[in-house]
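Only one structure is covered here, and it is reproduced in the block below.
All values below come from the heavy atoms of this structure, side chains included, with hydrogens, waters and symmetry mates left out.
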Amino acid sequence: GGYVLSGRKWWATGALDPRCELLMVMGRCADADARAPHERHSIVLVPRRAAGVRVVRALSVFGYDDAPHGHAEVAFDNVVVAPDALLLGEGRGFEIAQGRLGPGRIHHCMRAVGAAERCLAL
């Protein structure tokens, strides 16, 4: 049992931080075409130093590298993940992501509003 990951993840936030031990990876289920659209992805925890995990390069956002944590492109070359690395259950990745992304969207919007207010004040 378990899962095999092959592919690339762009904008892996925190993957460059030397303290990073685990990567949360959302992947498409093997039987995705037979599932409802919101049940096609799962999330697994992948040890950062697992065989086949490779940080390809650092990525910048609007010219900033967000050092030391940063964002990275990460490659997964036939990475074997144990069955107990699955979060919440197969096909529940979208549910997990929405629970986290909702508050994050508000955070980024408020940062943009703050930057716009500062620009107007100059």
Side-chain angles (χ1 to χ4, degrees):
Y3 303 92
V4 178
L5 306 178
S6 294
R8 290 180 182 252
K9 166 69 177 114
W10 286 61
W11 311 110
T13 302
L16 298 170
D17 191 309
R19 299 169 296 175
C20 179
E21 302 267 339
L22 285 174
L23 302 170
M24 280 182 66
V25 179
M26 178 184 280
R28 187 171 158 93
C29 298
D31 63 348
D33 292 336
R35 294 174 176 260
H38 65 282
E39 296 177 343
R40 293 181 179 168
H41 296 84
S42 298
I43 295 180
V44 292
L45 295 177
V46 181
R48 167 64 185 82
R49 288 165 184 53
V53 174
R54 178 172 49 92
V55 174
V56 177
R57 64 189 172 125
L59 301 171
S60 63
V61 179
F62 299 122
Y64 296 97
D65 63 5
D66 289 325
H69 314 293
H71 311 283
E73 175 186 355
V74 180
F76 300 90
D77 299 313
N78 295 311
V79 178
V80 177
V81 180
D84 63 355
L86 179 67
L87 296 183
L88 208 53
E90 283 195 21
R92 298 192 62 188
F94 180 79
E95 176 185 348
I96 295 167
Q98 288 306 307
R100 173 61 188 103
L101 291 173
R105 288 184 181 114
I106 299 296
H107 167 79
H108 290 298
C109 290
M110 294 309 299
R111 287 178 57 186
V113 168
E117 286 179 337
R118 178 72 176 131
C119 289
L120 291 172
L122 293 177

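Interatomic distance, CG of L87 versus CE of M26, reported as 10.0 Å (0.5 Å rounding). Here the CZ atom belonging to R49 is positioned 5.5 Å from the CD atom belonging to E21, to the nearest 0.5 angstrom. To the nearest 0.5 Å, atoms CG (L59) and CH2 (W10) are separated by 6.0 Å. To the nearest 0.5 Å, atoms CZ (R57) and CD (E73) are separated by 4.5 Å. Distance check, rounded to the nearest 0.5 Å: CG of D77 to CZ of R8 gives 7.5 Å. To the nearest 0.5 Å, atom CZ of residue R92 and atom NE2 of residue H38 are 10.5 Å apart.
Linking ILVMFWY residues whenever their side-chain heavy atoms come closer than 4.5 Å, directly or via other members, places L86 and L23 in the same cluster. Clustering ILVMFWY residues whenever any of their side-chain heavy atoms sit less than 4.5 angstrom apart, transitively, puts I96 in the very cluster that holds L22.
Of all heavy-atom pairs spanning R40 and R35, the tightest one is NE-O, 3.1 Å. Shortest non-hydrogen contact noted between R48 and V53 is O-CG1, 3.4 Å. In terms of heavy-atom proximity, A97 sits nearest to I43 at N-CD1, 4.5 Å. The minimum heavy-atom distance linking A15 with V55 is given by the pair O-CG2, 4.3 Å. Residues G91 and S42 share a closest heavy-atom pair of N-OG, 2.8 Å. Annotation for F76 and V74: closest pair CZ-CG1, 3.7 Å, computed over non-hydrogen atoms.
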**Study point:** Steps toward side-chain contact (heavy atoms from CB on, under 4.5 Å) verdict (D31, E39)
**Key:** CA-CA 10 Å; D31 63 348; E39 296 177 343; over 6 Å; no

May I have the list of side-chain donor-acceptor pairs in residues 103-110 shorter than 3.5 Å, sequence neighbours left out?
none

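Using a 4.5 Å heavy-atom cutoff, the side chains of E95 and H41 are not in contact. A heavy-atom distance below 4.5 Å is found between the side chains of L45 and M24. Contact annotation: the side chain of V81 approaches that of L5 to within less than 4.5 Å [non-hydrogen atoms, C-beta and beyond].
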